[in-house]
Structure formats: C-alpha cells, structure tokens
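Read the structure below first, then the notes.
Just so you know, these numbers come straight off a predicted model, no measurement behind them.
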Amino acid sequence: MKRNVLTIAFALLSVTLFAQKSSLTGVLIDSANQKMTINYATISVFKGQDSVLTTYKLSDDKGVFKISNLEAGTKYRLVVNAWQYLVLRKEVTLTTAGTNLDLGNLLMSVKTNALNEVVIYSERPLSLFEKTRLSLMPDRLKPFLLL
C-alpha cells in the first residue's frame with residue numbers, strides 16, 4: 001500500500017516538474033513618436049475561451065513587459081491599458097511549451113478628445129474692493145439707473 005502511494009506521489013510530482021510553462025514578452029511604444037516607450041501600462045491576460053482573467057503585469061520604466069507561467073496550446077487575449085492611450089487588444093496563441101513568444105514592438109495610439117466649440121463668457125463686476133475702499137463702476141451702473 002505504501003509503495004502504491006509513493007508511486008502515485010512520484011508520478012504526480014514528475015508530471016508537475018515536466019509541465020513547462022510559456023511566456024510572453026514585448027515592448028509598448030507610442031505610435032506617433034516611435035522612440036518613446038509607454039511606462040507602467042497594465043497588461044491583462046485573459047483566456048480566449050471564457051474571458052477569465054489569468055494574470056496581469058505592469059510594464060517597466062522602459063515599456064518592456066514579460067508575462068510568465070502561461071499554459072502552452074491555449075489561446076489568450078491581451079488587453080493593454082495606459083493613461084491617455086487607446087486600449088490595445090491582441091489575440092495570442094502559445095503553441096510550444098517552454099518557449100518565450102516575443103511580440104516585438106506593440107504600437108499604442110494616443111487618445112484624443114476633440115471639442116466642437118468652446119465659448120468663454122466673462123463679465124466685469126459692478127463694484128471693486130480695493131483695500132479699504134469700495135469703488136463702483138459707473139459704466140456698469142448705467143442700465144440700473146433710471147434717469
């Protein structure tokens with residue numbers, strides 16, 4: 001009985017030791033200025049079939065990210081979020097176990113908000129306080145005077 005338990009334990013241990021994981025790497029770059037990297041962006045990894053969050057990482061100060069411990073033969077969806085940039089989505093399938101899939105440079109576009117029209121209204125005050133004195137503006141009082 002002990003021998004069977006030890007054999008099963010050894011078999012499970014060997015399976016977990018030989019089950020290699022794959023990893024993804026890449027660099028996040030601004031699409032307008034391709035010399036500028038995007039620092040500290042969030043890279044979320046979802047399983048492609050059921051949209052379950054698998055893991056997430058932050059890119060480093062040079063825009064580089066590495067996500068490890070991903071299962072081979074699984075389809076993943078990367079979602080990259082960075083402040084003032086549009087969300088980047090990419091489908092990736094890891095085919096070979098124990099390999100590092102380099103996605104290269106991932107270009108991200110700047111998020112812009114275009115305004116149609118801006119109107120600024122301003123009015124001069126009826127009175128002006130200067131230290132200890134109250135000054136009335138006579139040109140502003142004309143509509144209120146009944147002469």
For Gln84, the side chain to side chain contact (heavy atoms under 4.5 Å, CB included) test, sequence neighbours excluded, returns none
Does Leu103 reach the side chain of Lys90, with side-chain heavy atoms less than 4.5 Å apart? yes
Give the cluster check for Phe46 versus Val80: same hydrophobic cluster or not, with ILVMFWY residues linked at side-chain heavy-atom distances below 4.5 Å. no
Is there a path of hydrophobic side-chain contacts, each under 4.5 Å between heavy atoms of I/L/V/M/F/W/Y residues, joining Val87 to Leu78? no
Does any N or O in the side chain of Ser31 come within less than 3.5 Å of the main-chain N or O of Met108, such that one atom is a donor and the other an acceptor? yes
Considering only Ile, Leu, Val, Met, Phe, Trp and Tyr, and joining two whenever side-chain heavy atoms are under 4.5 Å apart, list the other residues clustered with Val118. Leu115, Ile120
Between Ile29 and Leu106, is a side chain to side chain contact (heavy atoms under 4.5 Å, CB included) present by the stated rule, with each step listed? CA-CA 6 Å; Ile29 295 181; Leu106 299 175; over 6 Å; no
Contact check, side chains of Leu70 and Val45, non-hydrogen atoms, under 4.5 Å: yes
Sequence neighbours excluded - side chain to side chain donor-acceptor pair (under 3.5 Å) pairs with any residue from residues 92-107: Ser23-Asn100, Thr25-Asp102
Measuring only between side-chain heavy atoms, which start at C-beta, is Tyr85 closer than 4.5 Å to Asp30? yes
Test of understanding: with side chain to side chain contact (heavy atoms under 4.5 Å, CB included), list the residues that count as partners of Ser59, not counting sequence neighbours. Leu28, Ala41, Ile43, Phe65
How about Asn116: does its CG atom have over 12 heavy atoms from other parts shown lying under 6.0 Å from it? no
Minimum side-chain heavy-atom gap Leu88-Val79 below 4.5 Å: no
For the CD atom on Glu91, are there more than 12 heavy atoms of other groups (residues, nucleotides or ligands in this structure) within a distance under 6.0 Å? yes
Pairs satisfying side chain to side chain donor-acceptor pair (under 3.5 Å), at least one member in residues 37-47, at least two apart: Thr37-Asn39
Applying side chain to side chain donor-acceptor pair (under 3.5 Å) as the test, list every pair that has at least one member in residues 68-79; sequence neighbours left out. none
